[in-house]
Amino acid sequence: SITLPEGLKSIGEFAFYNCNSLTNADITLPEGLKSIEGHAFCKCSSLTSITLPISMKSIGTCAFAGCSGFTRITLPDTLVNIGVRAFHDCSSLAAINLPKGLLSIGEYVFYNCSSLVRITLPEELKYIHERAFFECSNLLTINLPEKLTYIGACAFNGCTNLVRIILPEGLTRIDEGTFGRCSSLSSITLPPTLTRIDEGAFYKCSSLTSITLPERLTSIGVGAFSGCSSLADVKFSEATNITVTIGHRAFGGCTSLTY
């Protein structure tokens, strides 16, 4: 076991990297700790849960990546930064509440958290970056906060159990592959502020049956709805921009569409 001293402010890079026999009983994080740096607990596969002290401000790149035994982590509301791939491949993590002060979810943060069913996003969240929830195949639903203005490429790609999503007003673009291969997605509400749907945004969303396109939309990218085999109804708003561009095979393989 390890006793960390009171007054410790930071745990450095790779400090406990690949300590795959380290268990919850072996370590307690002291109050006053402000940061856990990159790869500090990466591949500590015997850790099943951890509670971060209320003094915590930052979690570094890959800090807990590969902690495949993790089922629970408690994040304090003082936390303002979660680094790239921080929880990548935490394949047993089932639920998590993100802190109130978090404004951004970085790239690949929950990549391949295949047991993640529920996540609570803070009201102030503005950005979800590239592949943040890629291959979170058991995620059932997610409520996106009203202040969200950006969702990066492939952010929810491969979330095969995601059934329904409402995109907030203020979002202007659905990036490349954002909801690709969300094969259970049957309902999505697009905001009136949306101007672009990029390449492969809804690729192989095979349960999607209808979509209403907002009036400010100017571009539907290459293969945006390709392989949406249940899509039977595509509605353009009466006021939809008459210069809207529809890319190559945007609706390719939509075998339920009729003319």
Side-chain angles (χ1 to χ4, degrees), residues 37-39 42 58-67 73 75 79-91 93 96 98-99 101-116 118-122 124-162 165-168 170-185 188 190-191 193-205 219-227 247 250:
E37 303 299 332
H39 299 84
C42 184
S58 178
I59 296 174
T61 299
C62 292
F64 296 99
C67 290
I73 185 166
L75 304 177
L79 192 69
V80 294
N81 178 65
I82 299 176
V84 173
R85 296 184 187 269
F87 300 102
H88 182 180
D89 279 336
C90 289
S91 54
L93 185 65
I96 192 166
L98 295 183
L102 195 69
L103 299 179
S104 176
I105 299 174
E107 297 174 359
Y108 297 83
V109 168
F110 296 102
Y111 185 106
N112 200 33
C113 289
S114 54
S115 297
L116 190 65
R118 180 186 61 79
I119 186 162
T120 302
L121 303 181
E124 299 299 316
L125 190 72
K126 293 184 178 180
Y127 311 105
I128 296 175
H129 289 283
E130 179 181 345
R131 288 177 166 81
F133 297 97
F134 189 89
E135 298 282 3
C136 289
S137 54
N138 274 304
L139 189 64
L140 295 175
T141 184
I142 190 164
N143 294 322
L144 300 177
E146 292 181 4
K147 294 184 180 181
L148 189 71
T149 59
Y150 175 76
I151 302 175
C154 296
F156 295 96
N157 197 294
C159 292
T160 52
N161 275 307
L162 189 65
I165 198 159
I166 298 173
L167 299 179
L171 199 69
T172 60
R173 175 179 180 177
I174 299 176
D175 220 324
E176 179 182 344
T178 298
F179 297 102
R181 301 182 303 122
C182 291
S183 54
S184 297
L185 188 67
I188 187 159
L190 304 181
T193 50
L194 194 70
T195 61
R196 289 180 57 174
I197 298 174
D198 284 354
E199 181 177 345
F202 295 98
Y203 172 70
K204 286 195 174 180
C205 289
S219 174
I220 300 173
V222 172
F225 294 94
S226 178

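Note: hydrogens, waters and symmetry copies are ignored here, and every other heavy atom, side chains too, is used.
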Can you tell me how far the [atom1] atom of [X] sits from the [atom2] atom of [Y], to the nearest 0.5 Å?
| X | Y | atom1 | atom2 | result |
| --- | --- | --- | --- | --- |
| Ile188 | Ile174 | CD1 | CD1 | 5.5 Å |
| Leu102 | Asn81 | CG | CG | 8.0 Å |
| Ile73 | Ile59 | CD1 | CD1 | 5.5 Å |
| Asn157 | Glu176 | CG | CD | 9.5 Å |
| Ile166 | Asn143 | CD1 | CG | 7.5 Å |
| Ile96 | Phe110 | CD1 | CZ | 4.0 Å |

Keeping [X] on the side-chain end and [Y] on the backbone end, is there a donor-acceptor pair under 3.5 Å?
| X | Y | value |
| --- | --- | --- |
| Thr172 | Thr195 | no |
| Asn161 | Leu140 | no |
| Ser184 | Leu162 | no |

Using every non-hydrogen atom in the two residues, find where [X] and [Y] come nearest and quote the distance to one decimal.
| X | Y | answer |
| --- | --- | --- |
| Leu98 | Leu75 | CD2-CD1, 3.9 Å |
| Leu139 | Cys159 | CD2-SG, 4.5 Å |
| Pro99 | Leu79 | CG-O, 3.6 Å |
| Asn112 | Asp89 | ND2-OD1, 2.7 Å |
| Gly83 | Val109 | O-CG2, 3.4 Å |
| Asp198 | Arg173 | OD2-NE, 2.6 Å |

Does [X] have any side-chain contact (heavy atoms from CB on, under 4.5 Å) partners at least two apart in sequence or in another chain, and if so, which?
| X | answer |
| --- | --- |
| Ser219 | Arg196 |
| Glu146 | none |
| Ser115 | none |

Which residue is it: Thr193, Leu144, Ile151? I am looking for the one with a side-chain contact (heavy atoms from CB on, under 4.5 Å) to Pro168. Leu144

For the residue pair Ile105 and Ile82, establish whether any side-chain heavy-atom pair is separated by less than 4.5 Å. no

Does any non-hydrogen side-chain atom of His129 lie less than 4.5 Å from one of Tyr150? yes

Among pairs that include at least one residue of residues 127-142, which meet salt bridge (Lys or Arg N to Asp or Glu O under 4.0 Å), considering only residues two or more places apart or in two chains? Glu135-Arg181

All ring pair (Phe, Tyr, Trp, His ring centres under 6.0 Å) counterparts of Phe179, not counting sequence neighbours: Phe156, Phe202

Sorted by chain and number, sequence neighbours left out, ring pair (Phe, Tyr, Trp, His ring centres under 6.0 Å) with Phe134 holds for Tyr111

Step by step, work out the side chain to side chain contact (heavy atoms under 4.5 Å, CB included) result for Leu121 and Leu148. CA-CA 10 Å; Leu121 303 181; Leu148 189 71; over 6 Å; no

